[in-house]
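To start, the structure itself, in structure tokens.
In each ligand, atom 1 is the first atom listed, and ligand 1 is the first ligand listed.
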Amino acid sequence: MARKIVTRFAPSPTGYLHIGGLRTALFNYLYAKRYNGEFLLRIEDTDMARNSQQATQAIIQSFEWVGLSHDREIFYQSKRFDIYAKYIQKLLDEDKAYYCYMSKEELDAKREEAQAQGKVWKYDNRYRDFKGTPPEGITPVVRIKAPLEGAIEFHDGVKGVISVHAKELDDFVIARADGTPTYNFVVAIDDALMGVSDVIRGDDHISNTPKQIIVYQALDFEIPKFFHVPMILSPEGKKLSKRDGAMGVMDYQKMGYLPEALLNFLVRLGWSYGDEEIFSLSRLLEIFDPYTLNTAPSSYNQEKLLWLNQHYIKQTPNAKLVELLKDFGVQSLETYKGINTTPQALDSLFGELKDRSKTLVEFATQYNEILQAPTTYDPKLLKKLDSQGKEIMQKLCAFLPTLCADSPSDIESALHTFGDTHQLKIGQIMPLLRLGILGKGGGIAMGVAIFVLGVQECTKRLHALLDSHQ
Ligand code: GLU
């Protein structure tokens, strides 16, 4: 029987969940779910001083937003201290761990001494086999007995064989003087007890893995498969800064990104599948394979994220977009009086805006600019409102209410006919219409704007411009 895939995402809630973390979660989620396994969420909140409740909430909220659901309950390490204490005691009882009375001051002094000579000091196992009377006044730490010979070796699913010689490892601390267990210890205990079969995480953890393997071995736990994923770097090949993407996941929502776009973007940072770029979650659940993760770091590419976002905005049904846009200050067409609220109007307006918006923020801005009558006018375009311009505008005011406004194309052809009748070029008409209706040049097709706003509203706007610029 194939082994059950159980993966986990194990963030420390010391800061907001950033996109590197979300990518790790996504890889773990996809692998487990592809094989009908389980994906767990474990909050590594043992560092009481650095934890924040808000950060935990942001993690949960981010998961909800992107639609990654975890199995079982959320595990909190802070609630599992009894379990860790039991295993520390077990190792002490089995003589696989021991109390070490070397004080922090002594340790620091040794380290500094070595550093001054350009060396690295490694704990010298001095209490490993200590049987004497413990020195007074020192609360000991607990250290695990690391192997003295041979090597710790594992086959990383991304990096291949990793081997660390025993000489490079020391009897590391598993419980501090205050009794609290250390990171490498609790991670190994939890992964083992939760039945985690595969650990996909950032390669900043690769040096922790041999230590965790030592814990597994000491407790006869089955060692999971590890995949250490290279970092996401800035386009310049440096550590990601806020400017180029190291923001909280929920910031992406505020900036108008769709979760589908963000997940698609993230999965491609470190993984590829032929030359495909567009991946829905359901497609990823058929093909994602952590063994094909890239071995080289990936580079954050803002343009690509925007491109994907526009793709997914275009894919989103209009009714759903209306709902999403409410968070960006967009009110439905029905709330505007006297305009065209038919489904055709919504479809033609959204069709135009989808072509012109890379984010929901851009979409909302343009929508509101169209629906709300202009209060200011582009000064450059206003120059066209000379006496001839005003005359054309007067004629347009008379003409608009008479035209057949059944569709944007009807309106466009009526405007051409209007031009022919008055011997005006379309290039003389359109800028004036844009000025009066939208307050500025550019933007959506005039036929669509007039179709949606209706001829009454458009005529009103043209009059308002004329009145304010006598
Ligand atoms: N809590 C660790 C972190 O946030 C991750 C531990 C792990 O994935 O093994 O970096």
Side-chain angles (χ1 to χ4, degrees), residues 5-32 37-60 62-63 68 70-72 74-81 83-84 87 152 154 156-159 162 164 172 174 176 180-216 219 221-232 239-240 246-249 266 270 290 293:
I5 304 291
V6 180
T7 62
R8 63 11 172 224
F9 178 53
S12 307
T14 50
Y16 288 103
L17 177 63
H18 53 86
I19 51 154
L22 183 60
R23 183 188 65 157
T24 302
L26 176 63
F27 289 159
N28 279 288
Y29 173 88
L30 292 174
Y31 190 32
E38 286 183 297
F39 168 65
L40 312 181
L41 176 58
R42 183 172 75 226
I43 308 291
E44 306 219 314
D45 55 351
T46 52
D47 188 347
M48 300 296 191
R50 293 178 61 224
N51 291 332
S52 106
Q53 189 59 35
Q54 269 171 322
T56 303
Q57 280 318 314
I59 293 166
I60 296 168
S62 305
F63 267 54
L68 297 189
H70 59 83
D71 295 291
R72 304 191 213 165
I74 301 179
F75 295 100
Y76 292 88
Q77 285 189 327
S78 59
K79 296 190 183 144
R80 297 170 59 82
F81 279 109
I83 299 172
Y84 308 135
Y87 282 99
I152 298 286
F154 63 99
D156 188 273
V158 178
K159 312 238 173 208
I162 307 247
V164 180
F172 60 93
I174 56 171
R176 302 182 188 89
T180 56
T182 55
Y183 161 71
N184 281 312
F185 185 69
V186 295
V187 165
I189 299 289
D190 280 346
D191 283 340
L193 296 185
M194 292 170 194
V196 170
S197 63
D198 297 82
V199 171
I200 307 176
R201 61 185 171 196
D203 65 2
D204 48 331
H205 281 289
I206 205 152
S207 62
N208 291 320
T209 307
K211 294 182 183 182
Q212 292 168 17
I213 289 176
I214 290 172
V215 178
Y216 281 101
L219 288 164
F221 285 148
E222 201 181 323
I223 300 169
K225 177 85 197 166
F226 293 99
F227 298 83
H228 287 95
V229 188
M231 309 247 286
I232 304 171
K239 198 168 175 266
L240 268 195
M247 287 168 286
V249 168
L266 289 178
L293 283 164

Practice task
List every atom of ligand 1 that sits less than 4.0 Å from any heavy atom of Pro11, numbering the atoms from 1 in the order shown and giving each element.
Solution key: 4 (O)
Practice task
Answer yes or no for Gln212: is there a heavy-atom contact with ligand 1 below 4.0 Å?
Solution key: no
Exercise for the section: Mind checking whether Ser12 contacts ligand 1 via backbone (N, CA, C, O), side chain (CB onward), both or neither, at a 4.0 Å heavy-atom cut-off? Expected result: both
Practice task
Spell out, as yes or no, whether a donor-acceptor pair under 3.5 Å connects the side chain of Asp45 to the backbone of Gln77.
Solution key: yes
Practice task
For atom CD of Glu222, decide whether the heavy atoms of other residues, nucleotides or ligands shown that lie under 6.0 angstrom number more than 12.
Solution key: no
Problem - Among Thr209, Ile206, Asn28, Val229, the one residue meeting side chain to side chain contact (heavy atoms under 4.5 Å, CB included) with Arg201 - result: Thr209
Handout entry: Polar side-chain atom of Arg72 near backbone of Glu38 as donor-acceptor pair, under 3.5 Å
Key = no
Completion exercise
for atom 8 (O) of ligand 1, nearest protein heavy atom and its distance come out as Arg8 NH1, 2.7 Å
Practice task
Can you sort out which atoms of ligand 1 are near Glu44, meaning under 4.0 Å from one of its heavy atoms?
Solution key: 1 (N), 2 (C), 5 (C), 6 (C)
Completion exercise
When Val215, Val199, Val6, Ile223 are each screened for side chain to side chain contact (heavy atoms under 4.5 Å, CB included) with Asp191, the one that passes is Val199
Practice task
Among all protein heavy atoms, pick the one closest to atom 10 (O) of ligand 1 and tell me residue, atom and distance.
Solution key: His205 NE2, 2.9 Å
Practice task
Specify side chain, backbone, both or neither for Tyr183, according to which of its non-hydrogen atoms lie closer than 4.0 Å to ligand 1.
Solution key: side chain
Fill in the blank from the handout: Nearest heavy-atom approach of Pro230 to Asp203 is CA-OD2, 3.3 Å
Completion exercise
Under 4.0 Å between heavy atoms, the region of Arg42 that gets near ligand 1 turns out to be neither
Exercise for the section: Anything under 30° is parallel, anything over 60° is perpendicular, the rest tilted; go ahead and classify Tyr29 against Phe39. Expected result: perpendicular
Practice task
Give the residue, atom name and distance (to 0.1 Å) of the protein heavy atom nearest atom 5 (C) of ligand 1.
Solution key: Ala10 O, 3.2 Å
